[in-house]
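Take a look at the structure below.
Atoms within each ligand, like the ligands themselves, are counted from 1 in listed order. Only this structure's heavy atoms are used, side chains among them; waters, hydrogens and symmetry mates stay out.
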Amino acid sequence: MGKASNRKRLTRSAARSFVGKGKGNRHRSGSTLSRPRPQSRGVERLTIAIDGPSGAGKSTVASSLGRRLGYLYIDTGAMYRSVALRVKEKGVMLEDELAVGRVASSLHITFATEGDQTHVFCEGRDITEAIRTPEISRLASSISKQKGVREALVRIQREMGREGGVILEGRDIGTVVFPDADVKFYLDADSDERVRRRHHELAERGVKADLEETRGELLQRDHNDMHRSHSPLKKADDALLIDTTHRSVEEIVEEMIDIVKAKSKG
Ligand code: DC
């Protein structure tokens, strides 16, 4: 990661800060989307796809990029997690794919930023913390295999990104959700580093987790994401691969901004 000691390292905790500043800056799927004020002028409203495995730093750089460009940042993983939480709360059996799909289709998700912190609301309830537990991570990984869930969430994501000026981050953005995205990035990092980041993120949130357990779960989820039959995680042919292992957030974001600007000048 960065050489300078004051450089921010890639941790998931910084990743929640996206889409502009100020209380109540809310946006939701497909309706009134409030956008942050651009800090970079003269950049067209492009669609930017960021994919990659867990702990690659996608959310951190996507949120920072969103603020710099004045683009909406959409954390699609939070959407799968929200469906998982609702499925659990409603007592829906995972095997009942029709019922799980119905939960996904009726998902009413809202993202709101307050200063540097982004909150996720489901039907008006703040579920930011509730969707970050290891149990919900496992459940999200499991329901994200289901075709009905993916179709419902992809529909919502396309609606959210319809107008451009948007950064979507996930596993299938450049391959399935927006295969024609203007700019595609695929972020990756050494698995040890990804595990370290995830462990650090859990510790920061007060979740005690064994490092080896975190490793097992993260690698298992990556394996599931890469090997499922519907929309597996893979790099789009035209995505730019960025290895974040030894780099600072600032360096990566600067590189991305240069690429986005070059693209928007056409
Ligand atoms: O990025 P995350 O850890 O918050 O994602 C949670 C789960 O959702 C993870 O198992 C991968 C899955 N996911 C997906 O299948 N497709 C996406 N576009 C985003 C996340």
Let's go through Arg45 and Tyr71 carefully: what are the C-alpha distance in whole Å and the side-chain angles of both, what is the deciding distance for side-chain hydrogen bond (donor to acceptor under 3.5 Å, both in side chains) to 0.1 Å, and is it a yes or a no?
CA-CA 8 Å; Arg45 315 296 292 168; Tyr71 278 24; 5.5 Å; no

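Arg197 has a carboxylate O that lies under 4.0 Å from a charged side-chain N of Glu193, or vice versa, which qualifies the two as a salt bridge. With respect to the salt-bridge test (charged N to carboxylate O, under 4.0 angstrom), the residues Lys263 and Asp182 do not qualify. Electrostatic pairing of Arg171 and Asp51 does not count as a salt bridge here, judged by no charged N lying under 4.0 Å from a carboxylate O. Ion pairing of Lys90 with Asp96 is absent here, as no side-chain N (NZ or NE/NH1/NH2) approaches a carboxylate O to less than 4.0 Å.
At a 4.0 Å heavy-atom cut-off, ligand 1 touches Ser144 through the side chain alone. In Arg81, the part holding a heavy atom less than 4.0 Å from any atom of ligand 1 is the side chain. Looking at Lys145 against ligand 1, nothing comes within 4.0 Å, counting heavy atoms. Using a 4.0 Å cut-off between heavy atoms, Val177 makes no contact with ligand 1 at all.
Distances shorter than 4.0 angstrom do not occur between any heavy atom of Arg138 and any atom of ligand 1. The shell of residues lying under 4.0 angstrom from ligand 1, judged by heavy atoms, excludes Lys58.
Of the N or O atoms in Arg198, none lie within a sub-3.5 Å distance of an N or O in ligand 1. Taking only nitrogen or oxygen atoms, main chain and side chain alike, Arg150 reaches within less than 3.5 Å of ligand 1. At under 3.5 Å, a nitrogen or oxygen of Asp172, whether backbone or side chain, sits near a nitrogen or oxygen of ligand 1. Looking at ligand 1, you'll find an N or O of Thr76 within less than 3.5 Å of one of its N or O atoms.
For the side chain to side chain contact (heavy atoms under 4.5 Å, CB included) with Thr60, the qualifying choice from Val249, Leu187, Thr244, Ile252 is Val249, the only one to do so.
Against a heavy-atom cut-off of under 4.0 Å, Gly170 is close to the following atoms of ligand 1: 18 (N), 19 (C). With ligand atoms numbered from 1 in the order given, ligand 1 contributes 8 (O), 13 (N), 14 (C), 16 (N), 17 (C), 18 (N), 19 (C), 20 (C) to contacts under 4.0 Å with heavy atoms of Tyr80. Residue Arg132 approaches ligand 1 through these ligand atoms, each under 4.0 Å from one of its heavy atoms: 4 (O).
Sequence neighbours left out, the pairs with a member in residues 208-227 that pass ring-ring contact (aromatic ring centres under 6.0 Å, His included) are His223-His227.
Ranked by closest heavy atom to atom 14 (C) of ligand 1, the top entry among Arg171, Met79, His230, Arg221 is Arg171.
At distances below 3.5 Å, at least one donor-acceptor pair connects side-chain atoms of Arg81 with backbone N or O atoms of Ile131.
Lys88 is linked by a side-chain contact (heavy atoms from CB on, under 4.5 Å) to Glu135, Ile136, Leu139, counting only residues two or more places apart in sequence or in another chain.
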